[in-house]
Participant: 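Quick one: this structure, given as structure tokens, is what I'll be asking you about.
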Amino acid sequence: MNSEKQVPKDSIKDIYSESKHRIRLILAMLGKYEPEKINPLPDEKSFATISNLINSIMSAAQFESENQYRNAIVEISNWMNCAFNQEYLTKNEKLYPNPLFAVRKGGEILHSFLHRDLRRKQFSSEEDEIYRNFLKLISSLPDPRNQKLDQGDVDGMIDDLLKTS
């Protein structure tokens, strides 16, 4: 059963336009990173802002019907969301590629995929190669999506949820 939300193309276009703006902000805040160097983490305020922007991009793709672009946008933004935490970035900063470089590269690819004509549902051969290269790039890093939370983190999340409800 398909429980996907039906949203007019104009609305999806507006949502993606806003997401492109958020990606530009993320890329500007991250600056330039090198794959082989230890890159400095953004300051605490910028870090929180970037994290929130990544979260908002993840939710934007939920309104588009199933297709190659949507799946890639969800995959890349999910990886970025999980990788963009201080513990993961610090723990893996000496690896190649540097995780901050990979996060920035993911942002560049998201910007490209969000910038397409929404009638296109399948990658061009160039886009397919770009996506595959990104997957290859992040496969050399520990998968942040498989990280186990320690009990203190879980308790803190539960407390935060209870406070907001």
Participant: How would you list all residue pairs meeting ring-ring contact (aromatic ring centres under 6.0 Å, His included) that involve residues 21-47, not counting sequence neighbours?
Facilitator: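 Listed once each, the pairs are Phe47-Phe84.
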Participant: CD1 of Ile38 to CG of Leu95: how many Å apart, nearest 0.5 Å?
Facilitator: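 Output value for this atom pair is 9.5 Å.
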Participant: Starting at SG of Cys82, measure out to CG of Asp143 and round the result to the nearest 0.5 Å.
Facilitator: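 Between Cys82 SG and Asp143 CG, I get 8.0 Å after rounding to 0.5 Å.
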Participant: Which ring-ring contact (aromatic ring centres under 6.0 Å, His included) pairs, counting each pair once, include a residue from residues 102-130, with sequence neighbours left out?
Facilitator: Tyr69-Phe113, Tyr69-Phe123, His111-His115, Phe113-Phe123, Phe123-Tyr131
Participant: Look only at the side chain of Ser46 and the backbone of Pro42, and say whether a donor-acceptor pair between them is shorter than 3.5 Å.
Facilitator: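 Looks like no, no N/O pair under 3.5 Å.
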Participant: Side chain of Asn98, backbone of Tyr96: donor and acceptor closer than 3.5 Å?
Facilitator: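 No; zero donor-acceptor contacts below 3.5 Å.
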Participant: Count the heavy atoms of every other residue, nucleotide or ligand shown that sit under 6.0 Å from CD of Glu18, and state whether that count exceeds 12.
Facilitator: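 More than 12 within 6.0 Å, yes.
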Participant: Check the hydrophobic clustering (I, L, V, M, F, W, Y; side-chain heavy atoms under 4.5 Å; chains of links allowed) and say if Leu27 and Ile76 are grouped together.
Facilitator: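 Same cluster.
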Participant: Can you tell me if Asn92 uses its side chain to pair, donor with acceptor, with the backbone of Tyr88 under 3.5 Å?
Facilitator: yes
Participant: Tell me the closest heavy-atom pair linking Gly107 and Ile23, and the distance in Å.
Facilitator: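 The answer is O-CG2, 3.2 Å.
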Participant: I need the minimum non-hydrogen distance between Ser65 and Arg70, along with the two atoms involved.
Facilitator: O-CD, 3.4 Å
Participant: Specify the closest pair of heavy atoms between Asn71 and Glu66, including all atoms of both residues, with the distance to one decimal.
Facilitator: OD1-OE2, 3.0 Å
Participant: Within this structure, what is the CG-CD1 distance for the pair Leu114 and Ile15, rounded to the nearest 0.5 Å?
Facilitator: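 Here the interatomic distance stands at 11.0 Å.
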Participant: Look only at the side chain of Thr49 and the backbone of Lys45, and say whether a donor-acceptor pair between them is shorter than 3.5 Å.
Facilitator: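 Yes, the answer is positive, given that a donor and an acceptor are paired below the 3.5 Å cut-off.
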Participant: So, for Pro99 and Leu89, which heavy atoms are closest and what is the spacing to 0.1 Å?
Facilitator: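 For Pro99 and Leu89, the tightest heavy-atom pair comes out as CB-CD2, 3.5 Å.
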Participant: How many angstroms lie between atom NZ of Lys91 and atom CG of Asn85, to the nearest 0.5 angstrom?
Facilitator: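 Spacing of NZ (Lys91) from CG (Asn85) equals 10.0 Å.
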Participant: Could Arg120 and Glu127 be called an ion pair, given the rule that one side-chain N must be under 4.0 Å from one carboxylate O?
Facilitator: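 Yes, this pair counts.
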Participant: When rounded to the nearest 0.5 angstrom, what distance separates CG in Asn81 from CD1 in Ile50?
Facilitator: 12.5 Å
Participant: Does Glu75 come within less than 4.0 Å of Arg145, counting only side-chain N to carboxylate O?
Facilitator: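 Salt bridge: yes.
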Participant: Would you say the side-chain atoms of Thr90 pair up with the backbone N or O of Glu87, donor to acceptor, closer than 3.5 Å?
Facilitator: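 Judged by distance alone, no pair lies under 3.5 Å.
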Participant: Would you call Arg104 and Lys32 a side-chain contact if the rule is heavy atoms closer than 4.5 Å?
Facilitator: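 They are in contact (side-chain heavy atoms under 4.5 Å apart), so the answer is yes.
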Participant: Going by atom type alone, with no hydrogens or angles, which donor-acceptor pairs under 3.5 Å involve a side-chain atom of residues 134-141 and a protein atom two or more places apart or on another chain?
Facilitator:
from	atom 1	to	atom 2	distance (Å)
Ser139	OG	Lys136	O	2.7
Ser140	OG	Leu137	O	2.7

Participant: Between Ile26 and Ile57, does the side-chain contact (heavy atoms from CB on, under 4.5 Å) criterion hold? Intermediate values first, please.
Facilitator: CA-CA 11 Å; Ile26 290 169; Ile57 292 162; 3.8 Å; yes
Participant: Determine, stepwise, if the pair Glu93 / Asn39 fulfils side-chain contact (heavy atoms from CB on, under 4.5 Å).
Facilitator: CA-CA 7 Å; Glu93 68 185 358; Asn39 296 293; over 6 Å; no
Participant: Look at the side-chain heavy atoms of Ile, Leu, Val, Met, Phe, Trp and Tyr, link any pair under 4.5 Å apart, and say whether Trp79 and Leu30 land in one connected group.
Facilitator: yes
Participant: Could you measure the distance from the CD1 atom of Ile130 to the OG atom of Ser125? Nearest 0.5 Å is fine.
Facilitator: 9.5 Å
Participant: Counting neighbours of CZ on Arg132 that are heavy atoms of other residues, nucleotides or ligands and sit closer than 6.0 Å, is the number greater than 12?
Facilitator: no
Participant: More than 12 foreign heavy atoms under 6.0 Å from CD of Glu126: is that the case here?
Facilitator: no
